Amino acid sequence: MRKMIFYKEWLKTRWYLAAALAVMAAMTFYCLLNLSKTAQIRGGDMLWNLMILKETVLIEMLRYIPLVVGGLLAMFQFLPEMTRKRLKLTLHLPYPQGRMIAAMYGYGLGILLVLFLLQALCLGTVLRGWMAGELVGRILRTAAVWYLAGFAAYIWIAAVCLEPTWGMRVALLLLLAGLVHLLTLSSVPEAYNGILPWLCLYVLCGQLLIFHSVARFKEGLQD
Amino acid sequence: MKRIGKIFIILSFAVLILWIVPWLYRIVTLKSYTTPFTLYSCVYHDFTRLDRSDGKEFRFIDRNGNVYGDEAQPLFYHNVLSSKGMLPDTLEGRAVTPAEIDANNIIVTAEMKEIKRIAPKAYLLMESVPVRLELQDPEYAFVPRKDGLYIYEMAENRLDETKSAAFNEALRAAGFSFPARLFAGNPSDRKEYDEGYLLTDADGKLFQLKMTDGAPEVRHFSAADGLNLEHLIITELKNRATLGYLVGRDHALYMLRPDGSVVPTQVRYNPFEEDFMLIGDLFYYTVRVSDDEGEHFYALRSDDFSLVDTMDRPYAFEEETNLCEYLFPCRLYFTSSDDGFVKPRFTDWSWKGLIVDLVLAAAWILWRRSRKNTKN
């Protein structure tokens with residue numbers, strides 16, 4: 001059954017995933033091309049200089065990509081479930097409901113993880129050709145919170161999509177706005193290093209919201 | 001699961017309100033606060049503060065309320081006084097020239113927000129004796145690791161093993177134990193000369209490292225052994241009076257002279273809690289150490305760094321009604337202008353706010369219960 005659920009999720013999201021992959025690849029390529037041109041025209045030492053003397057990690061243009069990709073994936077995955085109450089049908093399949101919901105959003109989180117890891121791997125590999133591992137590590141550690149924002153956007157938007165009432169949807173969106181604000185509060189490199197494990201824990205706990213929304217849906221709450 | 005979800009939402013909202021509402025309140029009620037520029041006067045031998053309350057004249061006022069003009073600070077404003085033909089020929093009993101004054105006017109600052117952040121683990125390495133005499137952009141950078149410094153040719157991102165070996169050998173020969181702990185350098189070509197880096201080793205011993213003609217030049221300052229240093233400032237000033245300033249874990253400030261001697265001062269400075277500014281001239285250094293409570297001034301003689309005078313100026317906070325004090329048990333914020341970290345910080349704890357919130361929470365629970373009972 002789990003395979004069937006994954007297949008259903010795949011059918012819903014495959015075109016979006018192709019588009020997301022293309023956009024992420026294009027943006028990553030563009031960002032790296034920019035850096036490559038800087039290295040060509042002003043010398044590879046310029047990248048080192050910028051990293052050491054300025055408060056930059058060179059790839060700031062990619063900051064909001066994971067956030068948008070995560071939020072849109074949740075919409076593409078869960079909005080179809082809510083149109084004409086298809087979720088009701090899904091919940092009546094011969095499979096434990098909790099596991100069903102977990103498999104649905106687990107699929108999304110897994111896909112996001114793969115996309116983000118691919119991008120980070122690509123960035124790390126190319127950047128390593130221009131600078132020492134310590135500086136590349138600094139860039140990726142700084143970007144970690146951007147990826148966390150992507151996971152947060154996915155979980156919260158999924159909960160909003162599955163939520164049956166507008167009042168609670170607005171409440172969840174307000175929480176998401178606060179969380180995104182917190183995750184994008186500082187552009188100082190490695191500013192989030194200390195708090196990142198706690199933020200990860202909070203975002204993981206955010207999965208409760210999805211079950212909360214589904215439980216309210218099952219109760220038949222509506223505006 | 002629904003109940004846990006509900007608790008999660010309520011707690012999240014509580015944190016959000018604790019963060020956002022006091023922040024908005026502060027934005028609305030925030031007032032600017034400035035402190036007057038203050039220097040020790042070599043003419044009147046007192047701290048004088050700049051007063052421009054009329055918006056036109058530069059007036060300096062000492063601690064007794066005496067008002068002076070630019071002549072109170074003839075060294076800091078020597079260009080202005082020279083243009084008016086008012087620069088004295090003699091100060092502190094000796095003849096002075098504009099060139100001498102200019103060469104000895106120095107400013108050194110250190111802000112805690114620059115110290116309290118995660119710095120990149122790579123340092124630019126300049127050539128201290130450039131072929132064309134003027135300092136050039138660095139071509140090399142070093143990365144400190146456990147077993148030594150790794151020197152990279154930045155343009156090619158190539159580890160220069162020969163240079164790395166030479167530098168590490170030179171450091172070891174001078175008694176350096178890896179890994180290096182503290183670094184202070186200013187790898188900029190906008191200075192008159194380069195002194196490389198001041199750095200401490202695993203045992204806390206102080207060294208200087210610079211690259212001259214592509215080769216390492218290492219110096220160990222035995223006078224600083226045992227000082228238990230926690231912060232270093234390299235000065236590279238045009239008068240070459242000092243090589244750097246050293247701060248011990250006991251927050252004592254030491255002056256490192258170019259000859260390697262270390263002179264203790266009576267200045268107390270905590271680099272992680274206070275901002276530092278030193279404005280020096282031919283005769284005196286005015287050191288300002290400022291924290292959340294106020295500013296502490298020290299006047300030191302510029303020749304032997306002995307203490308001449310001190311002054312404290314606490315900030316004059318106005319007592320104002322803070323509505324948040326009555327609404328929230330504390331204020332939560334995540335960023336600060338004092339450092340480069342995002343982390344939860346709780347301040348302004350208030351019993352009044354806690355009691356109000358507990359009463360409101362109890363009222364809400366009672367209201368919910370009564371509503372449920374009415375429905376049943």
Side-chain angles (χ1 to χ4, degrees), chain A residues 39 43-49 51-55 57 98 127-135 137-139 141-142 145 159 168 171-172 174-175 177-179 181-183 185-186 188-196 198-199 202 205-216 218-219, chain B residues 1-20 23 113-114 116-125 136-145 150-159 185-189 332-336 339-345:
Chain A
D45 48 348
M46 176 53 71
L47 301 181
W48 283 72
N49 272 298
M51 278 293 296
I52 294 172
L53 299 178
K54 309 282 180 195
E55 295 229 315
V57 288
L127 289 169
R128 187 65 189 88
W130 290 324
M131 59 190 73
E134 281 79 356
L135 296 179
R138 179 174 172 83
I139 294 172
R141 280 194 297 277
T142 304
V145 74
M168 186 55 80
L172 292 174
L174 281 175
L175 282 185
L179 182 58
H181 180 50
L182 174 60
L183 295 175
L185 203 52
S186 172
V188 176
E190 302 197 64
Y192 289 85
N193 280 9
I195 196 181
L196 198 60
W198 299 103
L199 287 173
Y202 178 75
C205 289
Q207 295 171 59
L208 289 168
L209 298 175
I210 296 176
F211 290 102
H212 180 258
S213 294
V214 172
R216 285 165 60 83
K218 276 165 59 185
E219 276 180 16
Chain B
M1 193 62 85
K2 193 186 161 197
R3 177 165 288 225
I4 302 173
K6 205 173 185 176
I7 292 169
F8 182 79
I9 291 171
I10 290 170
L11 287 178
S12 299
F13 262 107
V15 171
L16 191 63
I17 290 168
L18 213 57
W19 171 32
I20 298 292
W23 172 67
K113 72 176 178 192
E114 297 297 324
K116 289 164 77 174
R117 68 189 182 99
I118 298 177
K121 304 268 186 303
Y123 301 86
L124 299 174
L125 187 59
Q136 304 292 316
D137 285 334
E139 292 174 15
Y140 293 92
F142 66 84
V143 176
R145 291 180 188 147
Y150 288 74
I151 297 176
Y152 284 81
E153 190 186 342
M154 292 188 291
E156 302 297 323
N157 188 33
R158 184 181 65 83
L159 176 65
N186 176 27
S188 161
D189 57 6
L332 169 65
Y333 62 105
F334 288 92
T335 52
S336 163
D339 63 47
F341 301 114
V342 177
K343 60 181 181 183
R345 307 150 203 259

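From a predicted model like this one, the values you see are computed outputs, not experimental measurements. Below, chains carry the letters A, B, ... as their sequence lines are ordered, and counting in each starts from 1. The basis for the numbers below is simple: all heavy atoms, side chains too, and nothing from hydrogens, waters or symmetry mates.
In terms of modelled atom types and a separation under 3.5 Å, the side chain of B/Arg345 and the main chain of B/Phe334 share a donor-acceptor contact. At least one donor-acceptor pair closer than 3.5 Å links the side chain of B/Asn157 to the backbone N or O of A/Gly129.
Residue contact with chain A, scored on non-hydrogen atoms closer than 4.5 Å, involves the backbone and the side chain of B/Ile118 alike. Of the atoms belonging to B/Tyr140, not a single heavy atom falls under 4.5 Å from chain A. Residue B/Arg145 touches chain A through its side chain alone, counting heavy-atom pairs closer than 4.5 Å. Neither the backbone nor the side chain of A/Leu47 has a heavy atom closer than 4.5 Å to any heavy atom of chain B. Heavy-atom distances place the side chain of B/Phe8, and not its backbone, under 4.5 Å from chain A. Residue A/Met46 does not touch chain B at all, counting heavy-atom pairs closer than 4.5 Å. Of the atoms belonging to A/Leu209, it is side-chain heavy atoms, and not backbone ones, that fall under 4.5 Å from chain B.
In this structure, B/Leu159 and B/Ile151 approach most closely via the heavy-atom pair CD1-O, 3.5 Å. Of all heavy-atom pairs spanning A/Thr142 and A/Pro189, the tightest one is OG1-CA, 3.6 Å.
Between chain B and the residues A/Leu199, A/Ile195, A/Val214, the largest count of heavy-atom pairs under 4.5 Å involves A/Ile195. The choice from A/Arg138, A/Gln207, A/Glu219 that makes the most heavy-atom pairs within less than 4.5 Å of chain B is A/Arg138. Taking chain A as the reference chain and counting heavy-atom pairs below 4.5 Å, the highest number among B/Pro344, B/Pro187, B/Gly340, B/Pro138 is found for B/Gly340. Heavy-atom pairs under 4.5 Å with chain A peak, among B/Pro120, B/Ala119, B/Gly5, at B/Pro120.
Remark: B/Lys113 pairs with B/Glu111 by the side chain to side chain contact (heavy atoms under 4.5 Å, CB included) rule, at least two apart or across chains. By the ring-ring contact (aromatic ring centres under 6.0 Å, His included) test, A/Trp130 is found to be paired with no residue, residues two or more places apart in sequence or in another chain being considered.
No more than 12 heavy atoms of other residues, nucleotides or ligands sit less than 6.0 Å from atom CD of B/Glu156.
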